[in-house]
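Before any comments, here is the structure.
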Amino acid sequence: MLPATSKLCAAISYRHLRNMPGLRRQAAVTLSQELSKLACRNPGPGTWINQVRRRSSLLSSRLEEKPFSEMEMSYIKQGEEALQKSLSILGNQEGWKTETVVDNGDKVLSKVLPDVGKVFRLEVVVAQPLDAVYSELVDNMEQMGDWNPNVEEVKILQKIGKDTVITHEKAAAPPGNIVGPRDFVSVRCSKRRGSTCVLAGMATKYGAMPEQDGFVRAENGPTCMILRPLAGSPLQNQ
């Protein structure tokens, strides 16, 4: 059994709302430094957050692998920022309020953050091996529309190194939607350390994908999924 324990969803804003208080971009810092702080601050989430720590910074390790252009580096930093912000939010257990709990144990919680707005956290258990879930979310990302009724299409626009991709997503328009079909351009960062996987993303700008006719360009972020095996499950080591 796999608990897709934490899916963090920040508020979506449309073009006419962009002047409202939103995310304030911070200078990129190493993920390992931030995670060290979180691990010391909270003995609970810090346990699994600590599993994705690295001895050297993500930025430095990438620079050792291959050189990146200035634009590519900016996308890498944005992906790491989404990861850092998400883990910071999830690592702070104060202020979460339960929205709903269903019979099978699935739970939705929420809290309001000053610079972000209302965010939601979904905690569920998925009866699938971690490798299978990770493969569907990362390796087979472009097939997401085949099983997710909320997604019409996902297209990878650019891959940067091993961990960062730029994507364009078209959301399926629900019946009676007065806003119109939405689309997103996002930078996504995926990390897998041992038995813990972290998938994060946020809205970005990509010159080759301007606003599309018939779609309302929306912005999301930071969003994050934490995947880890459920202790004692027969699928734990699969």
Side-chain angles (χ1 to χ4, degrees), residues 1-12 38 42-52 82-83 85-113 116-141 143-154 169-179 182 184 186 188 190-201 218 220-238:
M1 302 285 282
L2 171 71
T5 51
S6 302
K7 175 167 182 168
L8 176 69
C9 301
I12 295 172
L38 293 174
N42 255 296
T47 301
W48 51 261
I49 287 177
N50 191 53
Q51 295 181 39
V52 296
L83 194 65
K85 284 179 176 289
S86 297
L87 292 178
S88 296
I89 294 170
L90 291 171
N92 186 348
Q93 292 299 290
E94 296 182 359
W96 290 100
K97 297 181 179 179
T98 300
E99 294 275 346
T100 183
V101 179
V102 297
D103 293 340
N104 65 0
D106 294 354
K107 182 187 302 183
V108 176
L109 304 97
S110 69
K111 71 188 301 184
V112 177
L113 301 176
V116 180
K118 192 172 186 178
V119 298
F120 296 88
R121 190 176 86 199
L122 169 66
E123 298 180 352
V124 302
V125 175
V126 180
Q128 293 291 331
L130 186 146
D131 285 346
V133 178
Y134 184 86
S135 180
E136 285 298 321
L137 294 175
V138 178
D139 301 329
N140 301 326
M141 185 186 303
Q143 282 71 57
M144 191 177 298
D146 295 343
W147 54 266
N148 188 339
N150 297 315
V151 175
E152 178 180 322
E153 180 184 62
V154 176
E169 309 102 51
K170 294 180 180 179
N177 183 9
I178 62 174
V179 177
R182 297 171 297 162
F184 305 80
S186 305
R188 299 173 181 240
S190 59
K191 296 292 170 189
R192 185 167 184 173
R193 296 293 176 265
S195 60
T196 300
C197 303
V198 184
L199 317 175
N220 64 339
T223 63
C224 180
M225 289 188 184
I226 307 294
L227 311 175
R228 55 194 175 99
L230 186 64
S233 166
L235 296 177
Q236 182 176 4
N237 298 319
Q238 298 184 31

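Every heavy atom of this structure was used, including side-chain atoms; hydrogens, water molecules and symmetry mates were not.
Summarising the geometry, atom CG belonging to Asn150 is positioned 11.0 Å from atom CE belonging to Met144; distances are rounded to the nearest 0.5 Å. Rounded to the nearest 0.5 Å, atoms CZ (Arg228) and OG1 (Thr196) are 7.0 Å apart. Between the CD atom in Glu153 and the CD atom in Gln143 there is a gap of 11.0 Å [rounded to 0.5 Å].
Residues Leu227 and Leu137 form a side-chain contact, since some pair of their non-hydrogen atoms from C-beta on lies under 4.5 Å apart. For the pair Leu87/Ile226, a side-chain contact is recorded, criterion being any heavy-atom separation below 4.5 Å from C-beta on. The closest side-chain heavy-atom distance from Leu113 to Lys111 is below 4.5 Å. Contact of the Cys197 side chain with the Arg192 side chain is registered, since non-hydrogen atoms from C-beta on lie closer than 4.5 Å.
Within 6.0 Å of the NZ atom in Lys107, the count of heavy atoms belonging to other residues, nucleotides or ligands does not exceed 12.
For the pair Phe120 and Trp96, the tightest heavy-atom approach, listed with the atom from each and the gap, is C-CZ3, 4.3 Å. Closest of all the heavy-atom pairs between Ser195 and Leu130 is O-CD1, 3.3 Å. Of all heavy-atom pairs between Pro222 and Ser86, the closest is CB-OG, 3.4 Å.
The salt bridge (charged side-chain N to carboxylate O under 4.0 Å, His left out) test applied to Glu99 returns Lys118, not counting sequence neighbours.
Remark: the backbone N or O of Leu90 is paired with a side-chain donor or acceptor of Gln93 at under 3.5 angstrom.
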Trace of the side-chain contact (heavy atoms from CB on, under 4.5 Å) decision for Asn148 with Val154
CA-CA 11 Å; Asn148 188 339; Val154 176; over 6 Å; no
Let's go through Val151 and Glu169 carefully: what are the C-alpha distance in whole Å and the side-chain angles of both, what is the deciding distance for side-chain contact (heavy atoms from CB on, under 4.5 Å) to 0.1 Å, and is it a yes or a no?
CA-CA 7 Å; Val151 175; Glu169 309 102 51; 5.5 Å; no
Begin with the C-alpha distance, continue with both residues' side-chain angles, and end with the deciding distance and a verdict on side-chain contact (heavy atoms from CB on, under 4.5 Å) for Met141 and Leu199.
CA-CA 12 Å; Met141 185 186 303; Leu199 317 175; over 6 Å; no
